[in-house]
Amino acid sequence: MSAGSFYITTPIFYVNDVPHIGHAYTEVAADVLARWHRQSGDDAWLLTGTDEHGQKILRTAIANGVTPKEWADRLVETAWKPLLKTVNIANDDFIRTTDERHEVNAQKFLQHLHDAGHIYTGEYEGYYCVGCEEYKQTSDLVDGTGDYTGQPVCAIHSKPVELLHEKNYFFKMSAFADRLLALYEENPNFVQPEAARNEVMSFVKRGLSDLSISRSSFDWGIKVPWDESHVVYVWFDALLNYITAAGYGQNDDEFESRWPATHIVGKDILRFHAVIWPAMLMAAGIEVPKQVFGHGWLLVGGEKMSKSKLTGIAPSQITDTFGSDAFRYYFMRAISFGQDGSFSWEDLSARYQSELANGFGNLASRVIAMVVRYCDSVVPAAGAFTTDDLAIQATEKRVTEAAAAAIDKLAIHDALSTVWELVDELNGYITLQEPWALAKNPESRERLGTVLHTAVRGLGTLAVLLSPVLPVATGKLWTALGGDAALADQRVDRAWEWTGGAAVRALEPLFPRIESFVEPTDG
RNA sequence: GGGGCGGUAGCUCAGCUGGUUAGAGCAGCGGACUCAUAAUCCGUCGGUCCUGGGUUCAAGUCCCAGCCGCCCUACCA
């Protein structure tokens, strides 16, 4: 695999939302991919950030007696940046749509589209839902109940919609339907997984309408450069973060070296990324993204997680008990990336115990404890390898390669289950070789050394391979193994090549047993 | 209404272009071992592959119909 730019993005958080495990899930997936590529010699760059414009934010800010910028600042600092810490995201940049670099260059982009004739003036009248920040079709409305009886309300928010008509600027998106379809046809990987691609294609095949891209009823947004009485539609504004953060409009060299990006998005916002966004880029004469990957939803009790149903779970509820590594591992391992996945405390707790504590954590403990006890902490040199020893080495190589192939397809769950084959095989190897028995007999001293040497090497391979997912635990393990240089600098594509450090250091349990775990309850 | 995805052991899921007695992990049960976080290892129990038709020498895997769940999308009222 040749080294190159690997630019990966998460959606930017809408600051008014409350962080839940769904947000953290997207972040972790992108972070794991970024770390993996970074440790594969690529110039990996992970972008995340916040979406801060729009009427909804303006209204909450006013309701809270502050300016919208102050409101956004507060949420960024108290909710969103802390979320990244909670699940240990190593992002390279954090863009806010209120950053000057974004506002200025988003305007450049818009002006460019305008000059090139992709934008026209039109009249728009329709029912507008402030909650959705968009105009609704009548079919999206339902009859209100309770306080709103007799009025049409948004089917999603159950709140009254407003009948607005305004002069709008429109983006001639309809002109790009054919080019988009050609893109999906010629590059099947552009939208993935397959189910997502099908959805998008059938949507575009029905034809595209033009997109209203400005609002004049409020002013919390990016000003339309040729008509400052309008602000840019929030989605149009938000999507541009992916290029403004990469230097578009102000640093051509940087932009050239990073773009195009791989976008990781939830399937609910797939269409914005797989249809509108590439159309915008085509209009501007900019290369389309490398890929848009729509992952599934987290289901709690068989239903899409939601705040209104009290199934929304804050990431810290999990990390406070299990730690950030376990959070990352669980969601990456238990859910096929791209499909919906069910979350339950029982499953999380069971996997933590059996896979992290008993499987990987205990393996590390037993190997290091034996080197300390039988070899005075010195990693022994190997004698002649038996077929059993060579089989372990072969597995190290095999899983290293298979994991890389899985990551290449964004099959993070497959990569992890492949690596776990090495965990299981090493546990079996140790039980079979019985180093504790070898240690009792001076004549088997060399064999003992070879076995422990092999086990230490295997652990080192695991530390490297798992470092993108379990950065904290593998960092401790790497140190305990006497690994030289920083673990984050170890090449994951050559993980199996590591042949051991000089001496080990005692290691606390990587994933301590959680004796009594009480499932958090809401309210 | 049109379309997509799914319905496989108690639980969570694999099963690619159809091919011997349907797999994994966890949970359960039995045994071994003691280096380790009562951990690990071995063995074992366990399935009308949603239902009904059909194609085929052969279907969990293809076709048709239906039921259930979720999603995208349209529209009548």
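Comparing atom distances between the T431(A) side chain and each of C70(B), U40(B), G4(B) picks out U40(B) as nearest. Among U37(B), C35(B), C5(B), the nucleotide with an atom closest to any side-chain atom of A195(A) is C5(B). Relative to the side chain of W436(A), the nucleotides C35(B), C5(B), C13(B) differ in distance, and C35(B) lies closest. Each of C5(B), U40(B), U37(B) was ranked by its minimum atom distance to the side chain of R366(A); first place goes to U40(B). The side chain of W297(A) sits closest to C71(B) out of C35(B), C71(B), C70(B). Closest to the side chain of S336(A), out of C13(B), U37(B), C41(B), is C13(B). Residue S342(A) has its side chain nearest to U12(B) when only G4(B), U40(B), U12(B) are considered.
Straight-line distance from the NZ atom of K205(A) to the P atom of A74(B): 17 Å, rounded to whole Å. Atom pair Q353(A):CD and U37(B):C1' shows a separation of 8 Å (rounding to whole Å applied). To the nearest angstrom, C1' of G3(B) lies 13 Å from CE of M201(A). If you measure from atom CG of L299(A) to atom P of G6(B), you get 15 Å, rounded to the nearest angstrom. Put simply, CG on N427(A) is 16 Å from C1' on A32(B), counting in whole angstrom units. Between the CD atom of E421(A) and the C1' atom of G25(B) there is a distance of 12 Å, given to the nearest Å. Atom CZ of F337(A) and atom P of C5(B) are 20 Å apart (whole Å). Rounded to an integer number of Å, the gap from CD of E355(A) to P of G25(B) is 11 Å.
Look at the P atom in both A27(B) and G18(B): the space between them is 37 Å, to the nearest Å. U40(B) and G4(B) have their C1' atoms separated by 45 Å, with the value rounded to a whole Å. Separation of the P atoms belonging to C45(B) and G31(B) is 16 Å when rounded to the nearest angstrom. Across U51(B) and G43(B), the matching C1' atoms stand 37 Å from one another, rounded to whole Å. Using atom C1' as the reference point in both C50(B) and U8(B), the two lie 10 Å apart (nearest Å). Rounded to a whole angstrom, the distance from the C1' atom of U56(B) to that of G19(B) is 12 Å. A65(B) and C5(B): their P atoms are spaced 15 Å apart (whole Å). Atom name P, nucleotides G7(B) and C13(B): the rounded distance is 10 Å, in whole Å.
The phosphate of C71(B) has neither OP1 nor OP2 within less than 4.0 Å of any side-chain N or O from Q339(A). Residue N198(A) places no side-chain N or O under 4.0 Å from the OP1 or OP2 atom of C72(B).
Annotation: of the two residues near RNA chain B, F511(A) and R206(A), the 5′-most nearest-nucleotide partner is F511(A). Where R351(A) and L356(A) each meet RNA chain B at their nearest nucleotide, the meeting point lying more 5' is that of R351(A).
Contact annotation: the side chain of I89(A) never approaches that of L83(A) to less than 4.5 Å [non-hydrogen atoms, C-beta and beyond]. Considering only heavy atoms from C-beta on, F171(A) comes within 4.5 Å of M280(A) through its side chain. At least one side-chain heavy atom of L363(A) sits under 4.5 Å from a side-chain heavy atom of I430(A).
Residue-level contact check: S354(A) touches the backbone only, with heavy atoms under 4.0 Å from sugar-phosphate atoms and none from bases. Nucleic acid contact class of A357(A) (heavy atoms, under 4.0 Å, all strands): base. When heavy atoms are screened at a 4.0 angstrom cut-off, G428(A) is found touching the sugar-phosphate backbone but no base atom. In this structure, L510(A) reaches the bases: a heavy-atom distance under 4.0 Å links it to at least one base atom across the strands shown.
Shown here, G69(B) forms a base pair with C5(B); the pair counts as Watson-Crick or G-U wobble because both key distances fall under 3.5 Å. Across all strands shown, C11(B) is found opposite G25(B) as a Watson-Crick or G-U wobble partner, with both distances under 3.5 Å. Both distances falling under 3.5 Å, in either a Watson-Crick or a G-U wobble arrangement, occur for no nucleotide opposite A74(B). Judged by Watson-Crick or G-U wobble contacts below 3.5 Å, the nucleotide C62(B) has G54(B) as its partner. Under the Watson-Crick or G-U wobble criterion, with both distances below 3.5 Å, G30(B) is paired with C42(B).
Other residues, nucleotides and ligands place more than 12 heavy atoms under 6.0 Å from the CD atom of E421(A). Surrounding CD of E123(A) are more than 12 heavy atoms belonging to other residues, nucleotides or ligands, all under 6.0 Å away.
A donor-acceptor contact shorter than 3.5 Å links the side chain of S444(A) to the backbone of L438(A).
Relative orientation of the F337(A) and Y25(A) rings is perpendicular, given thresholds of 30° and 60° on the angle between their planes.
Between the side chains of H273(A) and Y242(A), at least one donor N or O lies within less than 3.5 Å of an accepting N or O.
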